[in-house]
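The analysis underlying the following values was restricted to heavy atoms, covering all of them including side chains, and did not include hydrogens, waters or symmetry mates. By convention in this document, chain letters (A, B, ...) are assigned in the order of the sequence lines, proteins followed by strands, and residues within each chain are numbered from 1.
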Number of protein chains: 2
Amino acid sequence: MMTLPGVPQVVIDRLPVYARTLAMLKSKGRQVISSQELGDELGVTPAQIRKDLSYFGRFGKQGRGYNVQRLGTELRRILGLEQEWTMVLVGVGNLGRAILSYRGFAPEGFKIVAAFDMHSEKIGTTVGGMKVHSVKSLPQYLKSSPADIGIIAVSAASAQDVANVLVDHGVKGILNYAPVALRVSEGTRLKNIEPVLALQSMTYYLKGVVP
Amino acid sequence: MMTLPGVPQVVIDRLPVYARTLAMLKSKGRQVISSQELGDELGVTPAQIRKDLSYFGRFGKQGRGYNVQRLGTELRRILGLEQEWTMVLVGVGNLGRAILSYRGFAPEGFKIVAAFDMHSEKIGTTVGGMKVHSVKSLPQYLKSSPADIGIIAVSAASAQDVANVLVDHGVKGILNYAPVALRVSEGTRLKNIEPVLALQSMTYYLKGVVP
DNA sequence: CCGTGTGAACAAATTCACAGCC
DNA sequence: GGCTGTGAATTTGTTCACACGG
């Protein structure tokens, strides 16, 4: 499946949610599901699910619904989840160490292959079975071992510099945990993980609530 | 400032980004900034910034721009960030422990006041200076000490049960780290932190790239 | 002259509603 | 009869462009 230029980003962002839910349903033995039922499960409208899927093809059977296994496989193919993706981690402070020991990436085919830090006291140590290299060796490392994705877990002050190095050396996607708005070139995908921002927009609605 | 009903969620989600950037600019000594310059900093259009702010009032000076300090303070007030918010954490596995030791919440006024787990071997232990209670005592705890926000860091299988308990006992916002789409009642705010989903939508764009 | 604030114009996303097929 | 797939209608969100004030 090619990357269709016309598919909105919001649609792409929902596909992994569908895929994950289908995997869960399959593990429970469910074989067929309608857009209505899947929508109930996820809290979205059935029309949205059908419209989203229609960007990529026709996966359902009229009068019946979708084959859970088949649709799950199709979505994983569309998203490019059939291959393994390599990632480098930059920053092994508190956050970086938690990311290294996080058990959620590997089963989904996302593999951290190297870790880097700028602080001399961390370099050479081993964290979660992974040796920590100097960030100065990152360009050289990426030249000999290109990685698909870079994870940034450094301070806000250093994050843009790290992003520049990653992009300059062929990384095509960045998962940013630093609390700063990074600027990356066109053609580089950037996703931010920001629990604090999530809380800060939530409080707008909470403050009005009478206890 | 009241919670205006007509303000789109997307606008609310951008305000913390503006607030954070203004705080950074202020710490660098910047006193005045135009929507153009702020937009350049963040990668958004100046019109969007002005329109977003216009939902809440008039904060700028024509011909000059915005006072960095003043606009930052206004945004924090609008978002409800002048008060401290209390949070309970449920689940002290790998992820929960990382959340407990995360240093980013407290400086922004988000305080974890208690931690809970369902596994007997964890109950009674101390993690990051915080005693771990049985999740069975969560309802009772919330009755005597209401919390604003619940953080869910349990398995996907248990997350909905935990969310139900939190909502039933007065929690008005949930920050969910479990890889599952939770359903909560109207009037409860839910934000999901899902690095794996972020990666899985990113790969849609990466797979097409020629190396 | 510069940059805000804002209706108006435009674009994007969602939902509707129904023809078509199982 | 039930449910998909999809144009059309509607809603939501973004950008334009300019009157106005400093």
Original post:
R14(A) CZ to dT15(C) P: how many Å, rounded?
Top reply: 9 Å
**OP:** Classify the ring geometry between Y141(B) and F116(B) as parallel (under 30°), tilted (30 to 60°) or perpendicular (over 60°).
**Re:** perpendicular
Original post:
Checking T73(A) side chain against Q69(A) main chain: does a donor-acceptor pair fall under 3.5 Å?
Top reply: yes
**OP:** Please tell me which of Q36(B) and V10(A) maps to the more 5' nucleotide of DNA chain C, matching each residue to the nucleotide holding its nearest heavy atom.
**Re:** Q36(B)
**OP:** Rounded to the nearest angstrom, tell me the gap between atom CZ in F56(A) and atom P in dT4(D).
**Re:** 18 Å
Original post:
Got a sec, which residues hit side chain to side chain donor-acceptor pair (under 3.5 Å) with N192(A), two or more places apart in sequence or on another chain?
Top reply: N176(A)
Original post:
What integer distance in Å separates E37(B):CD from dC2(C):C1'?
Top reply: 12 Å
Subject >> Length of the line joining Y55(A):OH and dG7(D):C1', which is rounded to integer Å >> reply: 12 Å
Subject >> Salt-bridge contact K191(A)-E194(B) (side-chain N to carboxylate O under 4.0 Å) >> reply: no
Original post:
In the 5'-to-3' direction, what one-character label does each nucleotide of nucleotides 15-22 of chain D receive under the scheme B = base within less than 4.0 Å of a protein heavy atom, S = sugar-phosphate only, - = no such atom?
Top reply: BBB--BBS
Subject >> All side chain to side chain donor-acceptor pair (under 3.5 Å) counterparts of Q31(A), not counting sequence neighbours >> reply: none
**OP:** Calculate the interatomic distance between L53(A) atom CG and dT4(D) atom C1'; express it in whole Å.
**Re:** 10 Å
**OP:** Would you check, one step at a time, whether the test side-chain contact (heavy atoms from CB on, under 4.5 Å) holds for Q9(A) with Y205(B)?
**Re:** CA-CA 10 Å; Q9(A) 169 77 54; Y205(B) 300 98; 3.3 Å; yes
Subject >> Atom pair distance, as rounded to whole Å: CG in L15(B) and P in dG13(D) >> reply: 14 Å
**OP:** Round to the nearest Å and state the distance from D52(B) atom CG to dT6(C) atom C1'.
**Re:** 13 Å
Original post:
Counting only side-chain N and O atoms of Y66(B), is one of them less than 4.0 Å from OP1 or OP2 of dC2(C)?
Top reply: no
Original post:
Is the shortest heavy-atom distance from the side chain of R20(B) to the side chain of L197(A) under 4.5 Å?
Top reply: yes
**OP:** Whole angstrom is fine here: how far is it from CG in L71(B) over to P in dT4(C)?
**Re:** 11 Å
**OP:** Please check the phosphate of dT4(D) (OP1 and OP2 only) for any side-chain N or O of S35(A) closer than 4.0 Å.
**Re:** yes
